[in-house]
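Okay, structure first, notes after.
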Protein chains: 2
Amino acid sequence: MSRAIAAPPLPPRPARPPEIMVRRPSVTIKHVAADAGVSLQTVSRVINKEPNVRPQMAERVQASIDRLGYVPSISAQRMRGSRSYLILALNDRERTLADWRERQGADWVDQMMLGGMSKCAEHGYRLIVELVDTHSDHVERELSAALAALRPDGVILTPPHSENPVILAMLEAAHIRVARIGSLKPGPGFALTMDDERAAGLATDHLIELGHRAIGFIAGPAAYELSQWRIKGWQHAMQAAGLATDSFARGDFGYESGIAAAEALLDGPLMPSAIIASSDRMALATLEVARRRDLRVPEDLSVISFDDTPIVRFTHPPLTAVVQPIAEVSARAVERIIAGDGSDGEADRQPEAIPASLAVRSSTAPPRRA
Amino acid sequence: MSRAIAAPPLPPRPARPPEIMVRRPSVTIKHVAADAGVSLQTVSRVINKEPNVRPQMAERVQASIDRLGYVPSISAQRMRGSRSYLILALNDRERTLADWRERQGADWVDQMMLGGMSKCAEHGYRLIVELVDTHSDHVERELSAALAALRPDGVILTPPHSENPVILAMLEAAHIRVARIGSLKPGPGFALTMDDERAAGLATDHLIELGHRAIGFIAGPAAYELSQWRIKGWQHAMQAAGLATDSFARGDFGYESGIAAAEALLDGPLMPSAIIASSDRMALATLEVARRRDLRVPEDLSVISFDDTPIVRFTHPPLTAVVQPIAEVSARAVERIIAGDGSDGEADRQPEAIPASLAVRSSTAPPRRA
DNA sequence: ATGAAAGCGCTAACAA
DNA sequence: TTGTTAGCGCTTTCAT
C-alpha cells in the first residue's frame, strides 16, 4: 500500500540555526512519494522521464515535486553511476596565471569558456576550467584529485597537455572521454586542430603576395607540437615561392623571448622585411624591437601576430593576425564529448581541423625595396 | 572478525570494452578493507585522517589503498553530507559573453579566476565560474539547477547579482555561504567592496591637482549599486574643491553608450577639460569622440578609465586608470567563505573594503587653459 | 503500470 | 583502538 511509505517529517527549519548549520534539511524523494501517495519508484520514474507512468500519475507526482520544491540530489544520482554533466577543460597553469597576473587577459581561456560554456549550456552540461602544471611531477596527483572530485564525463586537453603522456595515460585508464586540441599524435579520444600549418601558410602567402622575399619566422617552444606545424606551414609556403627559410628564431611565446628572437632575426644575415611571430606577445615584442631600431611598421617591417588577442588590435599599428577559432574548436570538442565521442575504442582517428583565418590590419604592407 | 568482510572481487577489466562502457569498475572502500583485513570503518578513518588509528594499522591500510589505487568516491562522501569543496562564482552572463565575443577579454572574470582559483587551490577547493542572467525570469531555475548540481559550499556574487533579491533569497533559504562583491545593502552573507567612492575621489583629486576645474563624469547604469558610489566619490571631491558637478552623463558601461555620453558632456554648457569614465569601454569611446573632434589627449582633454583592463594600456595614449583589486577581493571572498564566514546568521555586518588605486599613465595632464 | 526490496560507497553512532 | 550496525537518497532488479 502506497500510504505505507514512511513519511519522514520534513524537518522543521529551526528558527535559529543550530550550533553549526552544515547541511540544510532537504526534501527527498521520500517526501515526494509520501506526499503524492505513490512509491519511490514512481517518483524516480517521473524524475527521469521514464516510460510506464500514466500521465495522470506523472502529473500528480509533478505537483508534489513542485509544491515541496523537491530537487534531486545529484550526489545520490551520481552514486548510482549517472553522468556528472561536467566537462573539464585542462589548461596550462603557469602560462594562464602569468597571463592573468600581467593583467593582459588570457584570450585562449576566454575563448574556450565562450565556446565551451555556451555549448555546454545547450545540453545541460557545465564546463569547469582547471589549471594544471604540465611540467611538475605532481600532475598525476593534481589530475587524479580533480577527476575524483568532479568525475567529469569528459576532459578537454589544450596544448601542451594534449601531448602529455602521463595525462593521456590516466585519462585512458579512467575511460574518460578525451578531446585533444592542438595535437596530431595518436592517443586516446579524438583530436582537434586549428590547422596551424595552413594558418602559417596563409600568413606567409599574404606577405609573399605583398612582395616580401625575406620573411622571418619566430617559432614557439618545441614542447608545443603545434609550433612545428606552424614552422612547416611557413617553410612550405616559402619553398613554394622559391624563398629561403633561414630567417628563423625560436621563442617561448613570451614577450622577453620575442625581443631576443626579433633582434636575432633583424641582426641576421638576410634582414627580413617581414616577421611572423607565433604569439601575440612575441609580435608585440617585435614591434618594440622595430621601434627601438627606428624601423617603421609596416613601411620598413611588416609584422603578423599568431593570436588575435585584444591587445593586438590596440597597438599602433593594429596587427594583422592569424585568427584562431578557439571558441569554435572548444564548442566542437564539447559537442563531440557529449555525443559520446572520445571514448577509448574510437574508430574515427582522423583529427578534425577547424580552419583559422587571417585578419588583415595595418601592420602589413608591401616592402619598401620591393 | 575483520576477515568476515565480504571481499568483493575486483571486477576484471574486460579486454575489450563491453557494448557500452559507461562506468569503469572502481575500487571501493570494501576492497581496501578486505585487502588490508580490517573493517570498513578503519579504512574510513584512515582516509579521513581521523584519530584513534594506530600508526601501524594506518600504514597497512594506506599500503592497500596505494596498491589497489583506491580513490574515495566523492559522490558517496558528499551524500553523507560532507563539504563539496566547491565555490561558485556567479557572473553576469550577458556582459561576460559580450566581452568574450568582442574578443576584448573579460578582465573582471579573469581577475576573479586568478584570485579565486589561487586561493581555492591553497585549501583544496575549486572555483567554478557560472554565468547567470540577472534580468531573465529564469534566474531561479538556472541558479537552483546549478546549486543542485554542484552543491557548492559557498557562492560569490558579483555585480549586479550581488543585489538581486531573488538570488539572495534563494541562497539564504539554502543556507549557503554568500560573499557579495560590490554591494553595501544589507543581505545574507558578507559584503566586500573596492571602495568605489574613494576610488572615484582618487581619480577626481588627481585631476583637480593637475589644475582641472571642469571635470565630467560618465556614470555606469543605475542597476549597479556601485555606479552610485562612484558618482558620490566624484561629487564629494568636486564639492570639496568648490567645483560644480553638472558635467554628468550616464552610460551602460558599453562602448556605444560611452560615445553618446562623451558627446553629451563635450556638447554641454561647461565643456569639461577632463572626463572620468566608469568603465574601460566608455573611456575608449571618450577617446574616440575626442579624436573625432580633433581634441588631443591629454593636451586638450584628460581621460581616466575606471578599469585597468589590458586594452587601456595599449591605447594611444595609454590611459590613466583606476585599478580595481578584483583578484584580491575574490581571494578574500574565497578565504572568508572557507573560514565559514557568510553563513546566514552573521554578526559582522561591516562590509570589508579592499582599496582601489590609481595607475597614472599618459592620458592625464594639466589643462591647457589652466 | 506500479510497488517492494536490495543495494551503491560511504560515514555517524554505537558497541566491544 | 577497532568493529558492527544503520542508514544517506537514489536507482535497479524483480514482483505484482
Side-chain angles (χ1 to χ4, degrees), chain A residues 1-8 10-11 20 22-34 36-61 65 68 70-84 148-149 151, chain B residues 1-8 10-11 22-61 65 68 70-84 148-149 151:
Chain A
M1 200 14 203
S2 53
R3 271 77 185 172
I5 284 183
L10 272 181
I20 297 176
V22 184
R23 283 290 125 201
R24 79 165 174 294
S26 78
V27 182
T28 79
I29 198 173
K30 277 191 193 165
H31 299 103
V32 178
V38 297
S39 76
L40 300 183
Q41 297 351 299
T42 307
V43 179
S44 176
R45 286 183 184 114
V46 172
I47 298 168
N48 299 298
K49 298 189 177 67
E50 277 170 30
N52 290 349
V53 180
R54 252 199 314 242
Q56 181 195 8
M57 183 88 275
E59 234 172 76
R60 189 161 107 219
V61 173
I65 289 178
L68 265 36
Y70 164 76
V71 180
S73 154
I74 305 269
S75 307
Q77 289 183 319
R78 264 207 252 173
M79 230 190 55
R80 310 304 277 114
S82 91
R83 293 185 164 206
S84 64
R151 300 256 166 185
Chain B
M1 208 2 209
S2 53
R3 273 78 184 170
I5 285 183
L10 271 182
V22 185
R23 283 289 126 204
R24 80 163 175 292
S26 78
V27 181
T28 80
I29 198 174
K30 274 191 193 164
H31 299 104
V32 177
D35 183 86
V38 298
S39 75
L40 299 183
Q41 193 49 42
T42 303
V43 178
S44 175
R45 286 188 182 111
V46 172
I47 297 168
N48 299 296
K49 299 189 175 69
E50 276 170 31
N52 291 349
V53 180
R54 251 199 312 241
Q56 181 196 8
M57 183 89 274
E59 233 171 78
R60 190 160 105 220
V61 173
I65 290 178
L68 265 34
Y70 164 76
V71 179
S73 154
I74 304 269
S75 308
Q77 289 183 318
R78 261 205 253 175
M79 231 189 55
R80 309 301 286 115
S82 91
R83 293 184 164 207
S84 64
R151 300 258 167 181

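Note on naming: letters A, B, ... go to the chains in the order of the sequence lines (proteins, then strands), and numbering restarts at 1 for each one. Values below: every heavy atom of this structure, side chains too, minus hydrogens, waters and symmetry copies.
Closest non-hydrogen pair, A:V53 versus A:E50, comes out as CG2-O, 4.0 Å. Nearest approach of B:A33 to B:L40, heavy atoms of both residues: CB-CD2, 3.8 Å.
At whole-Å resolution of the value, CG in B:N52 and C1' in C:dA13 are 14 Å apart. Taking atom CD1 on B:I65 and atom C1' on C:dC10, their separation rounds to 13 Å, with Å as the unit. C:dC10 atom P lies 20 Å from atom CZ of B:R83, rounded to whole Å. Atom-to-atom, OH of B:Y70 to P of C:dG9 comes out at 10 Å; the value is rounded to the nearest Å. With rounding to whole Å, B:I29 atom CD1 is found 16 Å from D:dT5 atom P. Atom-to-atom, NZ of B:K49 to P of C:dT11 comes out at 12 Å; the value is rounded to the nearest Å. Here the P atom of nucleotide C:dG9 and the CZ atom of A:R80 are 8 Å apart, to the nearest Å. The CG atom of B:L40 sits 14 Å away from the P atom of C:dA12 (whole-angstrom rounding).
Distance from the side chain of A:K30 is smallest for D:dC8 among the nucleotides D:dC10, D:dC8, C:dA4. The side chain of A:M57 approaches C:dT2 more closely than any other nucleotide in the set C:dG3, C:dT2, D:dC10. Side-chain proximity of A:V38 to the nucleotides C:dC8, C:dG3, C:dT2 is greatest for C:dG3. When distances run from any side-chain atom of B:A76 to the nucleotides D:dC10, C:dG9, D:dT12, the shortest one goes to C:dG9. Checking D:dG3, D:dC8, C:dT2 against every side-chain atom of B:T42, the shortest atom distance belongs to D:dG3.
Using a distance-only test at 3.5 Å, with no hydrogens or angles considered, a donor-acceptor pair links the side chain of A:R60 to the main chain of A:A36.
B:Y70 is not listed as a side-chain neighbour of B:D35, based on a closest heavy-atom distance of 4.5 Å or more. The shortest distance between side-chain heavy atoms of A:R78 and B:R78 falls below 4.5 Å. B:N48 places a side-chain heavy atom less than 4.5 Å from the side chain of B:Q77.
Between D:dG9 and A:S73, no contact under 4.0 Å exists linking OP1 or OP2 to a side-chain N or O. For D:dT11, one of the phosphate oxygens OP1 or OP2 lies less than 4.0 angstrom from a side-chain nitrogen or oxygen of A:N48. Residue B:S39 places no side-chain N or O under 4.0 Å from the OP1 or OP2 atom of D:dT4.
If you check every strand for non-hydrogen atoms under 4.0 Å, A:P51 touches nothing. Contacts of B:R54 with the nucleic acid, taken as non-hydrogen atoms under 4.0 Å apart, involve only primed sugar atoms and P, OP1 or OP2.
Nearest-nucleotide positions on DNA chain D for A:M79 and B:V53 put B:V53 closer to the 5' end.
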task = Under the side chain to side chain contact (heavy atoms under 4.5 Å, CB included) rule, what do B:V32 and B:V46 come out as? Steps first, then yes or no, please.
result = CA-CA 11 Å; B:V32 177; B:V46 172; over 6 Å; no

Short heteroatom pairs, N/O only, protein and nucleotides 13-16 of chain D, under 3.5 Å:
none

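Residue A:E59 qualifies as open at atom CD: its count of foreign heavy atoms under 6.0 Å is 12 or below.
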